[in-house]
Amino acid sequence: MSISEETARAHVNDPAVLCCRAEKGIKLTCHNLEDPAIFDDLVDSGLLDLTGCLKIGQVIGATLLETCDSLTPLTSDKIDKIMEQSPTEEKEEAKAAVETKLPLPSGSGSIKISIGEGKDILIEMPVSASANMGPAADNTPKPEKLIRSLKRKHYKITKVERGPETKIEGTTLFIREGIEAEAVESQELVHDLKIEVITPDLYHTYSETIMDVQPIATKEKGSELGSGCTRVLDGVVMMVTGTDDNGVQIGEFGSSEGYLDENIMWGRPGAPDKGEIFIKTQVTIKAGTNMERPGPLAAHSATDIITNEIRQALKNLDDESLVVSTEEFNQYRRPGKKKVVIVKEIMGQGAMHDNLLIPIEPVGVLGAKPNVDLGNVPVVVSPLEILDGCIHALTCIGPASKEMSRHYWREPLVLEALFDPELDLCGVILVGSPQINSEKFYVSKRVGMTCEALDVDGAFVTTEGFGNNHIDFASHIEQIGMRGISVVGLSFCAKQGALVVGNKYMTSMVDNNKSEAGIENEILANNTLCPEDAIRAIAMLKTEMSGGSVETAERKWSPDVKANNLKLISNVTGKPIVPVENETSLPMSKKRLEKYS
Amino acid sequence: MKYKILLKQHIGAPCTSTVKEGQRVKRGALIASPTGLGAPIHSPFSGTVDSVSDEAIFIEADETQSEEYEKISGENVTDLLAASGAVGMGGAGFPTHIKCNVDLKGGYILVNAAECEPLLGHNIAQLESNLEKTLEGLKILMKHCNAAEGIFAIKAKHEKAVAILDKALKDEKSIKYHLLPDLYPMGEERAVVREVLGKLLLPTDLPSAADAVVINAETVLRVAEAVNDKRPVITKNVSVAGKLKKGKDTQVFMNVPIGTTVGRLIEMAGGIDGEYGEIIMGGPFTGHSVDPDTPITKTTGGIIVTDAFEDLSGKRVGLLLCACGGNEERMREIAGRMNGTVGLIQKCKQAVEVKGTLKCENPGNCPGQAEKCLNFKKDGCTDILIGNCSDCTNTVMGSAPKLGLTVHHQTDHVMDTVGHERMRHLTKSKQVQADITSSGDYEMTRIIEGGMLKIRIKEGKNIHIELPC
């Protein structure tokens, strides 16, 4: 794409190539030239041969001798003379050249510029009032301020059985027989629902695509989501799976059906841990509704009838001796420290990806609003709301990169930032990823404005998608970066998800990929954000915020970049970082063998 | 015969009906008034009001219609223009009396006769057949807006119309014409200003920033009718083209009553010749698909019947959005009708969103597209669908085919229908052939880039710049 004068100055010694057709006789300017940043790709694709090509500094100001088409390298026979000076030097020598950078007065009034006579006049000024005019920041340490706390009480479950009523006795969970019929009855689009209890010895069981993995938790009476006390069952998770009447997986491309032990990346924040019992629903929805929003939502809502009955049983327990452990999360504001925010781009494409926000119960349905209905606009939540299940995720496709409901319950970046004494984490912004491009930019501008209003020093932007999702992902980063805020992006990219768009603020990026081949391999949660990614992102953001810069990675994807990142960080912190395992630790499924190897 | 007169024929909120069911109306009678920004609507027929809905007034027209009409009244030009219901007939539909309520302080009225959408021909036909009335309208506007000069912007290829203009303007001191190259989108408002006055406006600027009003040729004609003949806007000139039994050449129909259906106009043009792909209302670039029952409005310029769409058999197709072509919805519609699977969607670097629609920062001058093409390739697209202008399309053709991407242009099915060349490589010069009118001592360009306002002046004297801060 054509370049600005600033870019031209930065690239005076790079090759000069026409970006578009230019007519004979024109005087060349930066607007005729292609951005050198894409030349490597162009050369690789055979679109460009730079042999004999002049430098940008040698052609600006020269006259074109013949009409040339786009991507023509400018060689000495195509211009009237080789310019010896770089554009900057030329400007300095021009008669009565004026180049002033004025600090804008902050008061009212107007700027008046009068020039009697002049040449090559360039006036540049910020469009909005200039920032950083105030006195230097006060550096005296200020005490931490506790905003709120969240307590989790853990109840151990070792056995799940069916019985006449849903109840918890000791470490045994009983699920009422016949509850399936009520779950089916509750949703018009649900035609059938089966419950399977998967214990570790049954992990090699075939399952339809896994639509969600959810913690089973409830608020104690009097507590609200995001604060107070939450009760949670250990050793057991809910798992939503399903197809439509015709046996079509509820997933567009990329679904995780198959033997459970071959398709789950154990221990990922969003996945089950090895040893846990799954209460797995297999929901059958009306034929053809698997690709529309109401279908998957019905499958989730039907499952929640069962989950909710377990929540009630858990809520009604009054035997404190059953609590095996407690955890406490404190949300501190740390005045004087670098203020940061986490922006999480969540799915909101309207067809099947949606997220229910802020239910009454952790990862519940009741009381929640679908972010698609909220227009996908940014919604600010506290870090503790995230950890308390304020997102009920309806993610059904691209299982390796999508964040399950459980992911947020154990969100590594939120946890790392929350506990980092050097960071003042002020909140988490959830923003949906709409389907239509104009809406993508609509929401990303709101993200920019929100960050501006929060007046943060730095921001993390995460996404769970790739391809079209990268358009808004890039735009969020741009909107934040253009406001002078340091920003780090986290996404699955690698080979298959290589960024399709970019901008000058996308300099610090963390690739969430874990797969060997750098692809979306349909292994549940394989390529999602893990602690090692959070650590890298925080290290990068701190570097950026303190005025440093992150080195440009090699152009081709290589897992070595990540390995080096981790090595550098552990060298500084003195703490070893052991990367998580990937799909190679799982038994090879037939699908993976045929499709991905 | 019953006609449907739409209540929304302009920018802004729909009008509200001022007539009731069963009421008799004469041709030209006021039937609806604007509720905010807008223009009144008059009955194109004498007849009886059949019914009124939120969307339209239905009128049962009398068997015989006369040329007579109920006259509008007003004290001055502004009142008459407001009463006539005149709106921008080039497609924008902005109320003329508001647009022209401006003091140009000796500036310019630019008559937009670029007619730059392919296949349209009614503006040129109007200049060829009734230049006199158009000149009357221009003079009214020049006086009304305090403009020193009136300039027709017309493509050089319309030799006959240019010759007529040349002859007619010989003795006119303050009216001239400016020749445009045969490129799309020379008729875009800011492109007209740039080409004729040599000033590049910001996408958010109105032409008044260059002391100019840009007004469509037919609107100028309607201004003369409103002021001199007290005639409300009840008819529209329309071009009909495409897959028609009378042949593929564009047929022009002058003074078609508003409310006439697309189907009726197609019949008048000979009827559809066999199977067809779609009917476009408007031009191939900015028009939209309609059904035959749709009535024409004050802003309808063209009706085009196309061949069937190409079949992509589910191939992954990337969409390149820009201000010149269809919006995302239209591009998705075309990709869908071509049976393509939509992949990556990108917009041109120069397309910026202004009030919900894309505007081009420098219409008709490409900012480069190689990176976009690389991105489509990376996304796994095999095909791309573009709606770009002549220059940008040429640039896309410079890289996409070499990357193995098959290029489709949103106008392909239209161009194929009428046997015109598809939009691909540029074979004409981008250079403007005529003189550039410059005002003042210096030329100034203003751009906003990366949050900075940049003002550039190559050379000049007595430069005064004042900015609020």
Side-chain angles (χ1 to χ4, degrees), chain A residues 1-6 19-23 25-26 31 33-35 37-38 41-42 45-48 67 69-72 104-129 436-438 441 467-468 471 482-483 498-501 504, chain B residues 319 321 327-329 332 343-347 349-350 353 356 358 362 365-380 391-392 394-399 402-403 425-426 429-431 448-469:
Chain A
M1 288 192 292
S2 63
I3 55 177
S4 64
E5 227 160 89
E6 197 185 341
C19 72
C20 305
R21 174 179 159 128
E23 306 290 323
I26 63 144
H31 299 296
L33 300 177
E34 185 54 80
D35 187 350
I38 65 168
D41 275 344
L42 291 173
S45 320
L47 282 179
L48 198 57
T67 297
D69 221 322
S70 60
L71 301 187
T72 304
L104 278 184
S106 52
S108 59
S110 61
I111 299 174
K112 291 182 187 176
I113 299 164
S114 288
I115 300 164
E117 187 171 355
K119 272 190 181 177
D120 292 334
I121 299 160
L122 172 66
I123 300 163
E124 290 189 341
M125 60 187 72
V127 177
S128 58
I436 311 282
N437 259 10
S438 61
F441 299 122
N468 256 344
I471 293 177
M482 69 198 271
R483 288 170 164 83
L499 290 167
V500 292
V501 286
K504 63 178 178 181
Chain B
L319 306 183
L321 301 181
N327 58 15
E328 184 170 343
E329 193 188 339
R332 279 180 180 274
L344 181 66
I345 302 172
Q346 298 181 91
K347 63 175 191 180
K349 178 191 177 188
Q350 259 172 209
E353 211 175 296
L358 291 180
N362 196 353
N365 280 335
C366 183
Q369 307 291 355
E371 189 185 354
K372 305 286 175 192
C373 292
L374 284 169
N375 291 341
F376 284 125
K377 186 72 191 167
K378 282 184 201 161
D379 182 57
D391 194 25
C392 287
N394 180 64
T395 313
V396 170
M397 290 306 293
S399 55
K402 291 182 205 157
L403 286 165
H425 288 286
L426 196 59
S429 174
K430 277 165 74 172
Q431 222 117 40
I448 292 180
E449 196 172 81
M452 297 290 277
L453 169 67
K454 297 184 182 178
I455 299 172
R456 190 180 301 284
I457 301 162
K458 190 70 198 151
E459 191 171 352
K461 279 184 183 175
N462 302 325
I463 299 161
H464 300 287
I465 300 163
E466 191 169 337
L467 298 157
C469 72

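Numbers restart at 1 for each chain; the letters A, B, ... are given by sequence-line order, proteins then strands.
- Both the backbone and the side chain of A:Asn437 have a heavy atom closer than 4.5 Å to some heavy atom of chain B.
- In terms of heavy atoms, B:Leu403 sits closest to A:Ser45 at CD2-CB, 3.4 Å.
- Residue B:Gln350 does not touch chain A at all, counting heavy-atom pairs closer than 4.5 Å.
- Both the backbone and the side chain of A:Ile436 have a heavy atom closer than 4.5 Å to some heavy atom of chain B.
- For the atom pair CD (B:Glu353) and OG (A:Ser438), the distance works out to 5.5 Å, reported to the nearest 0.5 Å.
- Interface check for chain B: of the options A:Ser70, A:Gly467, A:Ala498, A:Gly46, the most heavy-atom pairs under 4.5 Å are formed by A:Ser70.
- Within the 4.5 angstrom heavy-atom criterion, no atom of A:Leu33 approaches chain B.
- Looking at B:Ile345, both its backbone and its side chain come within 4.5 Å of chain A, counting heavy atoms on both sides.
- For A:Ser2 and B:Lys349, the side-chain atoms include at least one donor-acceptor pair closer than 3.5 Å.
- Here A:Asp41 does not pair with B:Lys377 in a salt bridge; the nearest charged N to carboxylate O distance is not below 4.0 Å.
- Interface remark: of the candidates B:Glu328, B:Lys402, B:Lys378, B:Glu328 forms the most heavy-atom pairs closer than 4.5 Å to chain A.
- Proximity to chain A (any heavy atom under 4.5 Å) is shown, for B:Glu371, by both the backbone and the side chain.
- Within the model, atoms CD1 of A:Ile38 and OG of B:Ser399 stand 8.0 Å from one another, a figure rounded to the nearest 0.5 Å.
- Under a 3.5 Å cut-off, the side chain of A:Arg21 and the backbone N or O of B:Leu426 do form a donor-acceptor pair.
- Between B:Gly368 and A:Cys20, the shortest heavy-atom distance links the atoms N-SG, 3.1 Å.
- Looking at A:Ile471, the atoms closer than 4.5 Å to chain B (heavy atoms on both sides) all sit in the side chain, from C-beta outward.
- Looking only at heavy-atom pairs under 4.5 Å with chain A, the residue among B:Leu344, B:Asp379, B:Asn327 that has the most is B:Leu344.
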